[in-house]
Enquirer: 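Starting off with a structure, shown below.
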Amino acid sequence: MAQAPREQWGSGLGFVLAAVGSAVGLGNMWRFSYVTAENGGAAFVLLYFAMLLFIGLPIMLSEFVVGRASRKSPMQAFQDLADSRWKPLGALFVASGFLILAYYGVIAGWVVRFAGMSLLTGFEGDAGERFMAISTGPDAILFQVLFMGVTIAIVLGGIKKGIERTSLLLMPLLFVLVVGLALYAWTLPGAAEGYRFYFQTDFASILDLSVLSAAAGQAFFSLSLGMGAMLTYASYLGRTDNLPRQSAQIALIDFAVAFIAGLMVFPFIFSFGLQDAVSASTVGALFIAVPQAFAALGTLGQVIGFLFFLALLVGALTSAISLLEVVVSSLIDTLGWTRKKATLLAGGAITLFGLPAAITLDGLSVMDAIAGDVFLVVGSLGIALFVGWRMKDAEDELRRGGLDFGWIPVWRFSLKFIVPPLLLVVLWYSVNNAIGEVRGLFGG
Ligand code: PHE
């Protein structure tokens with residue numbers, strides 16, 4: 001059967017904003033604030049930035065190079081560029097996209113729910129109880145299905161009309177919302193204390209290897225690395241884009257959004273004395289403590305709360321479409337399915353697979369520990385090894401489009417010798433953490 005010609009992005013800006021859309025999501029606002037709070041504030045942020053530059057960027061470039069050179073989805077790309085022994089890496093990517101979206105859709109469903117609730121009723125009452133009541137069970141499933149429906153509808157539209165158009169429209173909105181909310185948070189009475197907590201520097205803490213590994217894990221999750229989202233998006237590129245410049249833009253914007261999100265979340269929390277909720281529960285900071293702050297602000301809080309959850313929803317949606325696109329493009333490439341068939345079937349199956357996460361919170365954290373952490377690290381290790389050792393013309397591919405001033409061999413060298421050992425250390429910690437989560441699930 002003759003395949004239709006591969007779709008392409010309409011413009012370089014469209015590609016960059018779609019990739020930023022994939023990167024900026026729940027990871028920047030919810031995961032970043034909480035991981036920062038747990039790992040020593042500003043010192044952690046510095047370490048995170050270093051991880052972003054020295055591990056995140058080289059891996060992002062690797063994904064871009066493989067995607068653009070092969071013009072294929074993860075399932076096909078590695079074997080086209082090398083041989084079929086690399087196929088399992090592509091399969092791992094697809095499995096990660098599948099699993100991450102399964103629980104990501106559940107969290108995004110909460111966000112939809114909280115946005116609606118903010119406008120309609122506000123957040124009076126016990127925040128912890130409210131969160132427990134709606135985060136699992138039929139309510140959670142309803143909103144998960146709703147969110148997945150919108151995600152599926154966008155991916156059905158394809159690259160230019162679905163994903164690119166959505167990103168061009170929504171990403172600017174997200175930037176305005178996040179900056180606006182951070183400015184508002186600055187006017188709150190407890191803002192100074194929030195900043196003090198955010199910028200407190202506990203340099204001793206970052207010497208701990210588990211903190212290093214948390215920073216690396218956060219970098220992969222936040223930049224959407226190690227599962228082929230960036231690879232897939234790059235497979236829809238023309239030959240002339242300047243990949244190094246674009247990847248630097250994407251990483252910096254992603255960092256800026258996370259950083260600014262911290263500037264809004266911490267003042268909200270400290271203005272209302274809710275700091276305990278942050279450490280009490282992973283999901284606490286966002287879904288328990290922050291709504292409490294909005295409740296204290298009365299009617300104005302309903303509006304601010306709505307805008308806050310709207311920003312989060314926009315981020316979640318543009319990330320979810322990239323997760324789904326990894327699976328869909330692989331089905332189209334390998335099985336020759338139409339986009340419609342692939343999107344509906346994959347989207348439906350992923351929604352079903354998310355049900356355990358919508359039924360128990362423990363199911364959700366286990367899925368996050370396994371797919372969101374371990375799989376992404378293994379996937380990143382795999383692609384570093386592939387581009388470092390196996391892919392033949394990786395350096396030439398990167399050179400096409402410019403910004404070559406002699407650093408490209410350094411990039412290749414680090415993929416060969418620096419990134420892999422670092423990732424092995426990170427992997428050790430994330431595997432241990434995942435084992436702990438699974439044990440916890442069975443009450444051990
Ligand atoms: N980067 C997204 C976020 O920060 C999550 C994501 C991970 C999206 C992996 C795609 C692939 O929320």
Side-chain angles (χ1 to χ4, degrees), residues 17-36 48 51-52 56 59-60 63-64 67 73-74 92-111 147-148 151 154-155 163 166-167 170-171 174 178 215-234 247 250-262 265 282-283 286 311-330 350 354 364 367-380 383 430:
L17 285 188
V20 168
S22 170
V24 173
L26 297 172
N28 299 61
M29 292 174 242
W30 157 67
R31 211 170 184 269
F32 175 79
S33 342
Y34 133 78
V35 179
T36 300
Y48 170 65
M51 287 291 122
L52 211 74
I59 303 256
M60 192 191 293
E63 290 209 19
F64 281 172
S73 64
L92 174 73
F93 281 10
V94 176
S96 309
F98 193 98
L99 272 174
I100 295 177
L101 183 53
Y103 70 84
Y104 203 84
V106 176
I107 307 181
W110 303 341
V111 177
F147 175 84
M148 288 301 294
T151 306
I154 296 172
V155 173
I163 298 178
T166 307
S167 312
L170 291 185
M171 292 327 286
L174 180 116
V178 172
Q218 174 61 17
F220 295 136
F221 189 88
S222 187
L223 290 176
S224 307
L225 298 177
M227 47 74 63
M230 293 300 174
L231 188 163
T232 306
Y233 275 10
S247 56
I250 295 163
L252 286 179
I253 297 177
D254 185 61
F255 178 78
V257 173
F259 185 76
I260 297 172
V265 169
T282 317
V283 282
L286 216 67
L312 207 61
L313 180 60
V314 166
L317 185 62
T318 49
S319 298
I321 56 183
S322 74
L323 287 158
L324 184 54
E325 180 62 22
V326 170
V327 183
V328 167
S329 70
S330 291
I350 291 171
L364 191 146
M367 283 163 95
D368 184 40
I370 295 177
D373 251 344
V374 177
F375 281 20
L376 294 190
V377 181
V378 176
S380 299
I383 196 146
S430 37

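Just so you know, ligand 1 is whichever comes first in the structure, and atom 1 is the first atom listed for that ligand.
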Enquirer: List in chain and number order the residues that pass side-chain contact (heavy atoms from CB on, under 4.5 Å) with D373, two or more places apart in sequence or in another chain; answer none if no residue qualifies.
Expert: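 So D373 forms a side-chain contact (heavy atoms from CB on, under 4.5 Å) with R31, S430, N433.
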Enquirer: Which residues satisfy the ring pair (Phe, Tyr, Trp, His ring centres under 6.0 Å) test with F220, sequence neighbours excluded?
Expert: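 F220 satisfies ring pair (Phe, Tyr, Trp, His ring centres under 6.0 Å) with no residue once adjacent residues are dropped.
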Enquirer: So do L223 and I59 actually touch side chain to side chain, heavy atoms under 4.5 Å?
Expert: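 They are not in contact (no side-chain heavy atoms under 4.5 Å apart), so the answer is no.
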Enquirer: With a 4.5 Å heavy-atom cut-off, do L317 and F147 have their side chains touching?
Expert: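 A side-chain contact exists here, since the closest heavy-atom pair is under 4.5 Å.
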Enquirer: Considering only heavy atoms, which protein residues lie less than 4.0 Å from any atom of ligand 1?
Expert: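 These residues qualify: S22, A23, G25, L26, G27, N28, Y104, F221, S222, S224, M227, S319, S322, L323.
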Enquirer: Mind checking whether V326 and P74 have side chains closer than 4.5 Å, heavy atoms only?
Expert: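 A side-chain contact under 4.5 Å exists here.
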Enquirer: Please list, chain by chain and in numerical order, all residues satisfying side-chain contact (heavy atoms from CB on, under 4.5 Å) with V94, sequence neighbours excluded.
Expert: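 Scan of V94 (side-chain contact (heavy atoms from CB on, under 4.5 Å), adjacent residues dropped) gives M75, V327, S330.
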